[in-house]
S.K.: 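Pasting a structure below so you can have a look.
In this text the structure is predicted, and so the values were computed from the model without any measurement. Excluded from the calculations below are hydrogen atoms, water molecules and symmetry mates; all remaining heavy atoms, backbone and side chain alike, are included.
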Amino acid sequence: MASEVKTNKISPATGTDVTLGDASDTFTIPASATLDVNGTIDVTGATTTGFPSSGFSKWTPVTATDSTFDLQSGTTKVILEVQAAGGTAGTNSGGGDNAGAGGAGAYAKKLLTGMTGATDKLNITIGAVAAAAASGTVTSVAQAGTASFTTVTCTGGAGGAAGAVSASGGAGGAAPTTGDLNIAGQDGTPSAAYGYTVGPGANSMFGFGGRRVEGTNGVGKAASGYGAGGGQGRGASNAGGVGTAGLVIVWEYK
């Protein structure tokens with residue numbers, strides 16, 4: 001027969017411990033009722049269910065395309081940082097710095113909520129480095145598995161123009177539209193139409209544009225890091241420096 005005890009306080013008769021019920025008993029807090037704990041709940045050695053677990057869990061830099069990137073079990077939120085590849089500088093056709101430097105890839109940052117790490121996956125495409133005077137390629141993150149979100153896409157930086165004096169630097173990747181934070185890539189430096197100053201490739205969020213030592217003929221220097229543009233070469237027929245590949249950083253929270 002059901003019974004009810006009404007009291008304002010339960011205290012131990014001796015010592016400091018109170019035991020509620022026996023093994024296998026269940027105590028129920030009704031819907032809309034509140035258990036207000038101002039001290040500490042010690043669940044050491046116990047099985048707990050239904051308690052929320054939150055906070056930063058793991059970060060992963062992804063540098064190679066992965067069509068089924070696995071999230072950790074328990075992941076509920078993800079922050080994506082998406083960096084497209086940088087462009088390569090053009091090849092010189094004459095003396096001086098007669099080609100443009102490479103542009104940087106675009107960048108986006110996006111928060112994904114409502115994730116379930118047990119079944120959600122990401123389809124990650126990493127933008128590749130480019131040939132001479134060519135653009136870096138797109139870096140993107142799309143849904144795979146049960147995840148549902150708009151693909152985050154960033155465009156690569158353009159290659160610098162090859163050929164004559166006054167060649168233009170490569171344009172930075174256009175500002176994305178699919179992130180919460182969207183940043184266009186920096187433009188590469190144009191050729192030395194205004195003197196023989198060696199121009200750098202464009203910097204990115206995760207890398208630095210390539211350079212060449214002024215006054216020395218040779219190929220342009222490659223960019224460093226991720227998503228930056230290659231630097232101009234100097235002297236006849238010297239190639240421009242290559243841009244760097246894209247990058248995705250996956251931040252997981254439980």
S.K.: So which atom in Gly241 and which in Thr88 form the shortest heavy-atom distance, rounded to 0.1 Å?
M.R.: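 That would be O-CG2, 3.1 Å.
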
S.K.: Enter the distance from Thr75:OG1 to Lys58:NZ here, rounded to the nearest 0.5 Å.
M.R.: 8.5 Å

S.K.: Treating Ile, Leu, Val, Met, Phe, Trp and Tyr as nodes and any side-chain heavy-atom pair under 4.5 angstrom as an edge, say whether Leu247 and Ile183 lie in one connected cluster.
M.R.: yes

S.K.: If hydrophobic residues (ILVMFWY) are linked whenever their side-chain heavy atoms come closer than 4.5 Å, directly or via other members, who joins Val5 in its cluster?
M.R.: none

S.K.: Working to the nearest 0.5 Å, report the span between CD1 of Ile249 and NZ of Lys109.
M.R.: 9.0 Å

S.K.: Ignoring hydrogens and angles, tell me if any N or O in the side chain of Asn182 forms a donor-acceptor pair with the backbone of Ala108 under 3.5 Å.
M.R.: no

S.K.: Counting N and O atoms only, with roles assigned by atom type, does the side chain of Gln232 sit under 3.5 Å from a partner on the main chain of Gly220, one being a donor and the other an acceptor?
M.R.: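 Answer holds: no.
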
S.K.: Of the non-hydrogen atoms in Thr68 and Asp66, which two are nearest, and what is the gap between them?
M.R.: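 Between these two residues, the closest heavy atoms are N-OD1, 3.0 Å.
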
S.K.: Going from CZ on Phe208 to NZ on Lys221, what distance comes out if it is rounded to the nearest 0.5 angstrom?
M.R.: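 Going from the CZ atom of Phe208 to the NZ atom of Lys221 covers 14.5 Å.
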
S.K.: Quick one: closest heavy-atom pair of Ser135 and Ala158, and the distance?
M.R.: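 Reported closest heavy-atom pair: OG-CA, 3.2 Å.
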
S.K.: Strictly distance-based, threshold 3.5 Å: is any side-chain N or O of Gln186 a donor or acceptor partner for the main-chain N or O of Ala202?
M.R.: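 Not confirmed, Gln186 side chain does not pair with Ala202 backbone.
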
S.K.: Please answer whether the main-chain N or O of Ala162 pairs with a side-chain N or O of Thr91 as donor and acceptor at a distance below 3.5 Å.
M.R.: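 Judged by distance alone, no pair lies under 3.5 Å.
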
S.K.: Measure from the side-chain N and O atoms of Thr244 to the backbone N and O of Ala228, and report whether any donor-acceptor pair falls under 3.5 Å.
M.R.: yes

S.K.: May I ask you to list the residues sharing a hydrophobic cluster with Val152, side-chain cutoff 4.5 Å, ordered by chain and number?
M.R.: Val62, Phe69, Leu71, Val78, Leu80, Val82, Leu112, Met115, Leu122, Ile124, Ile126, Val141, Phe149, Val248, Val250

S.K.: To check you understand the geometry: which heavy-atom pair defines the closest contact between Gly136 and Ala130, and what is its length?
M.R.: N-CB, 4.0 Å

S.K.: Decide if atom OH of Tyr226 counts as having more than 12 heavy atoms of other residues, nucleotides or ligands within a radius under 6.0 Å.
M.R.: no

S.K.: If you apply the rule side-chain contact (heavy atoms from CB on, under 4.5 Å), what do you find for Leu35 with Val37, and how did you get there?
M.R.: CA-CA 6 Å; Leu35 177 63; Val37 179; 4.0 Å; yes

S.K.: Is there a donor-acceptor contact under 3.5 Å from the side chain of Ser204 to the main chain of Phe206?
M.R.: yes

S.K.: What's the separation between atom OG1 in Thr76 and atom NZ in Lys254, rounded to the nearest 0.5 Å?
M.R.: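 These two atoms lie 9.5 Å from each other.
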
S.K.: Calculate, to the nearest 0.5 Å, the distance between atoms CG and CD1 belonging to Leu181 and Ile79 respectively.
M.R.: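 One gets 11.5 Å once the value is rounded to the nearest 0.5 Å.
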
S.K.: Between Thr151 and Ser140, which heavy-atom pair has the shortest distance, and what is it?
M.R.: CG2-CB, 4.2 Å

S.K.: First locate atom OG1 of Thr60, then atom CD of Gln72, and finally report the distance between them rounded to the nearest 0.5 Å.
M.R.: 7.5 Å

S.K.: Hey, does the side chain of Thr139 reach the backbone of Gly127 with a donor-acceptor pair shorter than 3.5 angstrom?
M.R.: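 Answer holds: yes.
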
S.K.: Work out which heavy atom in Ala84 is nearest to a heavy atom in Cys154; give both atom names and the distance.
M.R.: CB-O, 3.3 Å

S.K.: Please answer whether the main-chain N or O of Pro200 pairs with a side-chain N or O of Thr189 as donor and acceptor at a distance below 3.5 Å.
M.R.: yes

S.K.: Does Asn123 reach the main-chain N or O of Ala142 with its side chain, forming a donor-acceptor pair under 3.5 Å?
M.R.: no

